[in-house]
Each structure stands twice: as structure tokens, then as C-alpha cells.
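Structure record follows, encoded as C-alpha cells.
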Amino acid sequence: MTTAPLQQPLRTLHRALRDGSVSAAALAESASQAYRSRGQHDHAYQTWNGDAAQAFADATDALLKQGGDAGPLMGLPVSIKDIYAVPGLPTYAGSSRRLPAEWERPGPVVSTLLNQLPVIMGKTHTVEFAFGGLGTNAHHGAPRNPWDPAAHRTPGGSSSGAGVSLASGTAGLAFGTDTAGSVRVPASMTGVAGLKTTVGRWSTAQIVPLSTTLDTPGLLARRVDDLAFAFDALDPGLSPGSGGVPATPDLADLTFGVPEHFFWDDCSPGIADTVTKAIKQLEAAGARIVTMELPKTGDAFTLFQQGGLAAAELAAFLHTSLPDAIDALDPNVAARIAAADGMPGWEYVRRRQVIDDLTRAATQRLRQVDAMLTPTVAITPPTLESLKPEGAYPKANMKALRNTVMANFMGLCALTLPVGRDVANMPVGLQVMAGPWQDARLLAIGQAIEARLGNGLDILGEVPTVG
């Protein structure tokens, strides 16, 4: 292989592991070498599992040599957001304290993954209890966005270490969660691809909850094709009876809706231009582009500004399951929890009804097109220094999640893929949204887009070196 092993497509690594041209041990060592060279600088991991991962990789190689094959993800280095329960690894969920042992018993997503014998490199940092879109954490510090080797920029959240683990070369696949954009925001900000699954498609059991209504497991990888490969490996066990990712469609057979308003408002310099250029490339390749607005985006954004459902549902979880954690909350998280304390029951029910209305309206509208295209994140990743002034954090956090939260409030599946850089030379993502339960079709559409535009390595090049 002429490039770093973990920059290769997952499909290529899958074949190489089986024909003996690469070993699981070599992939794990490549990840560990990347961690040693830039791990402390980039700070992606809450818990690094390097030594145990190397030993596991050696054992996996022995099984492969004997003809054993536990599944497509066998032997591939994986990182897992520190909000999933994983056997043998502590769970903090971004809080200051290790959670009780029950949060180290795996749920369906992790069990399905572990059954295929991947190499778990560690658990990546998260915003405390996944409640934030920038990636900051008062207890453990924020991972560094690796695309700016000088300033400490946010990596996106709440799956703050997930995208960094990929960009830095310590994993080939990363698991995150998405409640308002917590997979897509860090994927966009760190120049990788990310998938938000339809709510309810994959179980959230044994994933520390933020919003029991809106939480969805998700995946991050270097390219959409890697997401499709991992989705096909995992989805049959998590959503029985569903079909795999279909053949990649021809762009000339696709119709994309592009809104004129809301998603483009007040974007940081270079973001709107970069996404517009990408859409024009798709149109030049034969895709049909139609102007179409998502219905009721104003209602959805008003609900988001009011706190949505997450604050109330996280407060309920903490008060009933982890009351000792409340006094030690990150101030940015505590402020949002406190805002929900006075919410009457009727208001919570009203907000649930708004979510249902938004989902019905968006589902109906999206039947007119194959997918919607928008900028993923409207702002360039801010520096930590810029978030210090009073009111700066909530303003930036709201703006970072503005475009992505629409898919959550409207019950959609969505992905992001990198399409270029903004004026600050930071990655820019294109968001692709489709109707509920269209996850497999969405990934095929994403593959078609990626085949035309290129993947992150093609578009962005390699992450800058440290030091």
C-alpha cells in the first residue's frame, strides 16, 4: 500500500485482511503510531486502549489465518464515543465521574459490532452527556480540530473525539450519536463523512441518553463508501428485514431539492460558496436541481431556541438515574438543564406534538425529490478563545446546530460529506437529507455524490502535521 493503511477504503482493508496482504496487527500498530505522534496534541480519546487493542489484533490475525471470519468489520480499528457502554472500558459520558458498572454492559449496537471482532482502539471524548454542538468539555478539555495546527479550534460535538480519531489516523471507523447534529457537525468540522440514522432504526439501549425521543446512533468514516460498507455490516443485525445499500444510482437519475432560505443564512465566509459550487458540479453531471424549501423550518428553529426536548429529557434521566452528577455539571450543560426545570407538563407534550407535525410535513415534502442538499454547518469551527466572552458559547452552539437539527426534529435520516474548505481553510460539509427509513438509499445517493466530487482525502488532502 502506498498510503497510510487507515487511509485506504474499508472495503480494500477488508479484502487485504483476508488475502494476507495486510494484518490486523499492522493496522492497530498504524493507529497506535498515529496516537503516539499526535494523540496528546489532538486529545481525541477519553480512554486509549492501545496495548489491549494490539493484543486483540494479534489474536484476530491468528483466527484469520485459520480461515475464521466473524464479519466484515473483523480486524478493523474502531473508535467508540464515550457514551456507549463497552465491556472492559469505563464510561464517563463526558462527566467528571465514572458511571456505574451497568454502563459497561453493551447494548445492541455495541454487541452487534463486537460480534464481528473489530479492534477497539478506545473511547473518544464527548461533550458532557452529549449536550452541545461545539465539542467543548470543562472536565476533560476539548479535542483539537486537527485541520488547524496553530489555533485550538473546536472539533464539533457532541461526538467531539470521533471525527478527530479519523482525521488523525487512529481509527478507520468511529461510532457517535446524533440528537441535533452530534455526528454530522463533528464530521463536517473535521473533514470526514457522517451518517445520522433514522430515529428508531438502531436501538439506543445502553447508550447514555440525552433525548429519549431524538437520540440516534450514527457512524463517522473517511468516505461515504466506508459508511455504506459499515452500514451493510451492522444494519441486518440491528434492523432485521431491511435491505442493504442498493447499487449506486446515476446522478442523471436523481432529483435534489435545494432550499433558498434558512440554511444559507449568515454562513461564515466561504461556506455557502463552497457548497454552491459542489451542487453546481452535481448539476453539471446530470443531476436535476429544483428549488424546494423544507416546510416549517421557522417552527422547528423556534422550538430549538426554546430548548426542544433534550433539556427536559436529560434532566429527567439525571434526576432519576444519576442525581449525584447534577452538582458537578459543566456550566454550559448546567445552564441548559436549569432552563428546563420550570417547564410545565403541558409544554413538554406540546413540544412532542410539534415534533410529530414537523415529521409529517417533512416526510410528505421529501417524497417530491430523492434528497435535500444544504450546507451541513453554517459556521467555521470557532477557536476556544472566541468562546470565552459572555454569551459567545450559546450563540455559536446554536448556530453550529441550526442546519443539522432540522433532520432530527423532522424525523429524517441524513449524512454529511466534505466538499471543500472555507475562507479560514477549514473543512466544509454538504448535508444530504432523505425521508425516514431511507437510510440505505441515502447512502447509495451519497456514494453517487462522492463518486463525482471525491472523498475528503481527494478534496482536502492530508491533515497538517503537528509541530
Minimum heavy-atom separation for Trp147 to Gly461, with atom names? CH2-O, 3.4 Å

Do Leu443 and Leu195 have side chains that approach each other closer than 4.5 Å (heavy atoms only, starting at C-beta)? yes

Are the side chain of Glu128 and the backbone N or O of Asp330 linked by a donor-acceptor pair below 3.5 Å? yes

Heavy-atom nearest pair, Pro118 first then Phe56, reads O-CE2, 3.2 Å

Between Thr204 and Thr216, is any pair of side-chain heavy atoms under 4.5 Å apart? no

Under 4.5 Å between any side-chain heavy atoms of Val428 and Val275, yes or no? yes

Applied to residues 192-218, the ring pair (Phe, Tyr, Trp, His ring centres under 6.0 Å) test, sequence neighbours excluded, yields Trp202-Phe231

The reported gap from CZ in Phe131 to OG in Ser158 (rounded to nearest 0.5 angstrom) is 10.5 Å

Just verifying a value: how many Å separate Met426 CE and Ile271 CD1, rounded to the nearest 0.5 Å? 10.5 Å

Check: Leu64 and Met74 side chains under 4.5 Å, non-hydrogen atoms: yes

Can you tell if the side chain of His140 reaches within under 4.5 Å of the side chain of Asn137, non-hydrogen atoms only? yes

Would you give the length of the straight line joining atom CG of Asn408 to atom OG1 of Thr359, rounded to the nearest 0.5 angstrom? 10.0 Å

Verdict with supporting geometry, Ile120 and Ile80, side-chain contact (heavy atoms from CB on, under 4.5 Å): CA-CA 8 Å; Ile120 306 302; Ile80 303 178; 3.8 Å; yes

Side-chain (Ser239) to main-chain (Asp235) donor-acceptor, under 3.5 angstrom: no

May I ask you to say whether Arg153 pairs ionically with Asp148, meaning some side-chain N is under 4.0 Å from a carboxylate O? yes

Interatomic distance, Met121 atom CE to Leu76 atom CG [nearest 0.5 angstrom]: 12.0 Å

Ring centroid separation His14 to Phe229 under 6.0 Å: yes

Side-chain donor-acceptor distances from residues 88-95 under 3.5 Å, at least two apart:
from	atom 1	to	atom 2	distance (Å)
Thr91	OG1	Trp103	O	2.7
Thr91	OG1	Lys123	NZ	2.8
Ser95	OG	Tyr92	O	2.6
Ser95	OG	Arg97	O	2.9

Residue pair Leu6 / Pro77, side-chain heavy-atom distance below 4.5 Å: yes

Check the surroundings of atom CD in Glu102: do more than 12 heavy atoms from other residues, nucleotides or ligands lie under 6.0 Å from it? yes

For Ser160 and Gly156, indicate whether the former's side chain and the latter's backbone hold a donor-acceptor pair under 3.5 Å. no

For the pair Leu219 and Leu234, evaluate side-chain contact (heavy atoms from CB on, under 4.5 Å) and give the outcome as yes or no after the intermediate values. CA-CA 11 Å; Leu219 302 170; Leu234 296 163; 4.1 Å; yes

Using a 3.5 Å distance criterion without hydrogens, assess whether the side chain of Ser159 forms a donor-acceptor pair with backbone atoms of Gly176. no

So, does Thr170 use its side chain to make a donor-acceptor pair with the main chain of Ser165 at under 3.5 Å? yes

Should the ring pair His125 and His43 be called parallel, tilted or perpendicular, given that the plane angle runs from 0 to 90° and is split at 30 and 60? tilted

Keeping the roles fixed (side chain from Gln116, backbone from Ala70), state whether a donor-acceptor pair exists under 3.5 Å. no

Are Thr12 and Pro9 side-chain neighbours, meaning at least one heavy-atom pair lies under 4.5 Å? yes

Donor-acceptor under 3.5 Å (Asn397 side chain, Gly133 main chain): yes

Pro217 versus Ser203, closest heavy-atom pair with distance: CG-O, 3.5 Å

Between Arg222 and Asp226 (salt bridge meaning N to carboxylate O under 4.0 Å), is one present in this structure? no

Residue pairs passing the side-chain hydrogen bond (donor to acceptor under 3.5 Å, both in side chains) test where at least one lies in residues 427-453, sequence neighbours excluded: Arg184-Gln431, Thr198-Asp439, Arg201-Asp439, Asp225-Gln447, Asp370-Arg441, Thr374-Gln431

Check whether any side-chain N or O of Gln54 sits under 3.5 Å from a backbone N or O of Ala25 as a donor-acceptor pair, and report yes or no. yes

Yes or no on side chain to side chain donor-acceptor pair (under 3.5 Å) for Asp42 and Ser168, after CA distance, side-chain angles and deciding distance? CA-CA 8 Å; Asp42 289 344; Ser168 299; 2.5 Å; yes

Evaluate the side-chain proximity of Ile449 to Val224: yes if any heavy-atom separation is below 4.5 Å, no if none is. no

Exactly one candidate in Thr416, Val185, Val183 meets side-chain contact (heavy atoms from CB on, under 4.5 Å) with Thr404; the answer is Val185

Check for a donor-acceptor pair, side chain of Thr274 on one end and backbone N or O of Arg421 on the other, with a separation under 3.5 Å. yes

Worked check of side-chain contact (heavy atoms from CB on, under 4.5 Å) between Val78 and Phe175: CA-CA 8 Å; Val78 172; Phe175 282 71; 3.7 Å; yes

Leu166 and Thr190: side-chain contact (heavy atoms from CB on, under 4.5 Å), yes or no, with the steps? CA-CA 9 Å; Leu166 296 164; Thr190 58; over 6 Å; no

Taken to the nearest 0.5 Å, the spacing of Cys267 SG from Asp422 CG works out to 10.5 Å

Which pair of non-hydrogen atoms, one from Ala440 and one from Val245, has the smallest distance, and what is that distance? O-CG1, 3.7 Å

Asn403 and Pro375 have their tightest heavy-atom pair at ND2-O, 3.1 Å

Under 3.5 Å, side chain of Asp215 to main-chain N/O of Pro209, donor-acceptor pair present? no

In Å and rounded to the nearest 0.5 Å, what is the OG1 to CD distance from Thr179 to Glu313? 9.5 Å

Within 6.0 angstrom of Asp51 CG, more than 12 heavy atoms from elsewhere: no

Please name the pair of heavy atoms, one in Pro436 and one in Gly411, separated by the smallest distance, quoted to 0.1 Å. CB-O, 3.2 Å

